[in-house]
Amino acid sequence: MSHPSLAIKPKDFVRRPQKVHLSQHDFETPVSITTPDTIVVFTSNVIIDFKTTPKKESPTHLGHFAALIIGAPRVVVDLNGFTLRMSEGYSRRQRFFSLIELDITPFPDGTGKFTTVPVKPTDITVKNGRFGLTSHFALHSSTGGMRFLFQNLAIEAFEVGAIALSSCHDVTIDSLTIGKSIPPKTTGRFVMLRDLYQSLREEGTSVTLMNAIRELTDAEQLVKPGSSDALVRAIV
């Protein structure tokens, strides 16, 4: 974990690190790393297509928000030359998603009904691989943190952003290749209608009204967005 050529680098492990190997079969559900001093090594390409529905409570009340969740300090994620991405179908179903979330919650407590207290992990390295299709971000943190290193990575096929960080300090980007973003798959109107339909189902509204909303939702899904609902960017 030593990077002598970098002015700002993640701190070294304080104890002998544990090593976690991850492959496709480990991602039936999101993987959370909550133990400090951990090295995560990928041993295969991984395509995310979660089948389970998470609990409707913070931080998953908007659905699964990431494939790999980093919730501890001094963690190294080594993609080991492999690719992490969403499946085409799952990217349509789960519209807010990050391939790697650098906290246990995608937003601070008190924002958007999130009540989970962030841990703001520090000294995180993500290196040596590729990030493919994602409906939002490849790497994301909105809660803050410090001493992040992103090294030898290629990122492409993101709808909103490759890397999006807020309130972070001492971020080093080394040998990063950012490819093309992709057009959005849905419109804001579709998401609104879909959520309305789900709310009506839960409330037991009349079948006639539900069918009418469902028809509008299906019709909207067939409309190809003419522009993005969000600013497409590479690094924020």
Side-chain angles (χ1 to χ4, degrees), residues 1-3 6 8-44 46 48 50 52 54-55 57-80 82 84 96-111 114-129 131 134 136-153 155 162-174 176:
M1 199 173 173
S2 178
H3 310 287
L6 302 177
I8 302 295
K9 60 182 183 295
K11 290 184 177 181
D12 290 332
F13 300 120
V14 299
R15 59 180 63 84
R16 183 176 180 178
Q18 71 164 352
K19 184 171 286 189
V20 176
H21 292 93
L22 295 178
S23 62
Q24 180 68 57
H25 78 269
D26 294 301
F27 285 89
E28 294 296 321
T29 59
V31 174
S32 294
I33 303 299
T34 56
T35 302
D37 303 301
T38 299
I39 299 174
V40 179
V41 181
F42 279 64
T43 59
S44 74
V46 173
I48 302 302
F50 298 144
T52 59
K55 294 181 179 179
E57 60 186 35
S58 178
T60 57
H61 54 288
L62 299 181
H64 292 303
F65 58 87
L68 179 60
I69 300 166
I70 307 300
R74 301 180 304 280
V75 173
V76 173
V77 178
D78 187 352
L79 290 165
N80 199 25
F82 294 107
L84 174 63
F96 180 78
F97 194 83
S98 301
L99 295 174
I100 295 182
E101 184 69 41
L102 301 171
D103 209 329
I104 60 173
T105 174
F107 291 104
D109 50 323
T111 303
F114 285 90
T115 58
T116 305
V117 178
V119 298
K120 301 182 180 181
T122 62
D123 306 296
I124 307 299
T125 298
V126 181
K127 63 181 182 178
N128 301 336
F131 294 103
T134 174
H136 246 74
F137 307 113
L139 296 160
H140 177 255
S141 171
S142 68
T143 58
M146 62 178 63
R147 294 184 299 276
F148 293 163
L149 170 62
F150 307 125
Q151 188 174 50
N152 297 327
L153 298 172
I155 305 174
I163 299 174
L165 309 174
S166 300
S167 303
C168 296
H169 301 274
D170 301 335
V171 177
T172 300
I173 296 172
D174 181 32
L176 177 70

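A heavy-atom distance below 4.5 Å is found between the side chains of Ile163 and Ile155. Using a 4.5 Å cut-off on side-chain heavy atoms (C-beta onward), Thr52 and His64 make contact. Side-chain contact check for Leu99 versus Leu68: every heavy-atom pair is 4.5 Å or farther apart. Counting only heavy atoms from C-beta outward, the side chains of Thr35 and Gln18 approach each other to under 4.5 Å. Between Leu139 and Phe137 the shortest side-chain heavy-atom distance does not fall below 4.5 Å.
Shown here for Lys55 and Thr60, the closest heavy-atom pair between the two residues is O-OG1, 2.8 Å. When all heavy atoms are compared, the tightest approach of Ile69 to Ile104 is CG2-CA, 3.7 Å. Annotation for Asp123 and Lys11: closest pair OD1-N, 2.8 Å, computed over non-hydrogen atoms. Across every non-hydrogen atom of Gly144 and Ser141, the tightest pair is N-OG, 3.7 Å. For Pro10 against Thr125, the heavy-atom pair with the smallest separation is CG-OG1, 3.4 Å. Of all the heavy atoms in Ser142 and Pro108, the pair that sits closest is OG-CD, 3.7 Å.
Judged purely by atom type and a 3.5 angstrom limit, Thr105 uses its side chain to pair as donor or acceptor with the backbone of Phe107. In this structure a side-chain-to-backbone donor-acceptor pair under 3.5 Å is missing from Ser98 to Glu101. Side chain of Ser23 to main chain of Ser44: no donor-acceptor pair is present (N/O by atom type, distance under 3.5 Å, no hydrogens or angles). A donor-acceptor pair under 3.5 Å is absent between the side-chain atoms of His140 and the main chain of Ala66, judged by distance alone. Using modelled atom types, one side-chain atom of Ser58 and one backbone atom of Thr116 make a donor-acceptor pair closer than 3.5 Å. Judged by distance alone, with hydrogens and angles left aside, the side-chain atoms of Asn80 form no donor-acceptor pair with the main-chain N or O of Thr43 at under 3.5 Å.
Checked against the 6.0 Å centroid criterion, the rings of Phe97 and His136 do not qualify as a close aromatic pair. A ring-centre distance under 6.0 Å is not found for Phe114 and Phe65.
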Item to check | salt bridge (Lys or Arg N to Asp or Glu O under 4.0 Å) assessment of Arg74 paired with Asp37 | outcome: CA-CA 5 Å; Arg74 301 180 304 280; Asp37 303 301; 2.6 Å; yes
Checklist entry - Going through the distances and angles, do Lys120 and Asp103 end up as a side-chain contact (heavy atoms from CB on, under 4.5 Å)? => result CA-CA 6 Å; Lys120 301 182 180 181; Asp103 209 329; 4.2 Å; yes
Next on the checklist: Before you tell me yes or no, could you show the steps for Leu102 and Phe148 under side-chain contact (heavy atoms from CB on, under 4.5 Å), namely the whole-Å CA-CA distance, both residues' side-chain angles and the distance that decides it to 0.1 Å?
Outcome noted: CA-CA 10 Å; Leu102 301 171; Phe148 293 163; 3.9 Å; yes
Checklist entry - side-chain contact (heavy atoms from CB on, under 4.5 Å) between Val46 and Leu22: does it pass, once the steps are laid out? => result CA-CA 9 Å; Val46 173; Leu22 295 178; 5.9 Å; no
Item to check | Leu176 and Phe150: CA distance, side-chain angles, deciding distance, side-chain contact (heavy atoms from CB on, under 4.5 Å) verdict | outcome: CA-CA 8 Å; Leu176 177 70; Phe150 307 125; 5.5 Å; no
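A side chain to side chain donor-acceptor pair (under 3.5 Å) with Gln151 is found for one member of Asn128, Thr172, Asp174, Asp78 and no other, namely Asp174. Considering Val31, Ile70, Val40 as possible partners of Ile100, the one that fulfils the side chain to side chain contact (heavy atoms under 4.5 Å, CB included) test is Ile70.
No donor-acceptor contact under 3.5 angstrom links the side chains of Thr115 and Asp109, judged on distance only.
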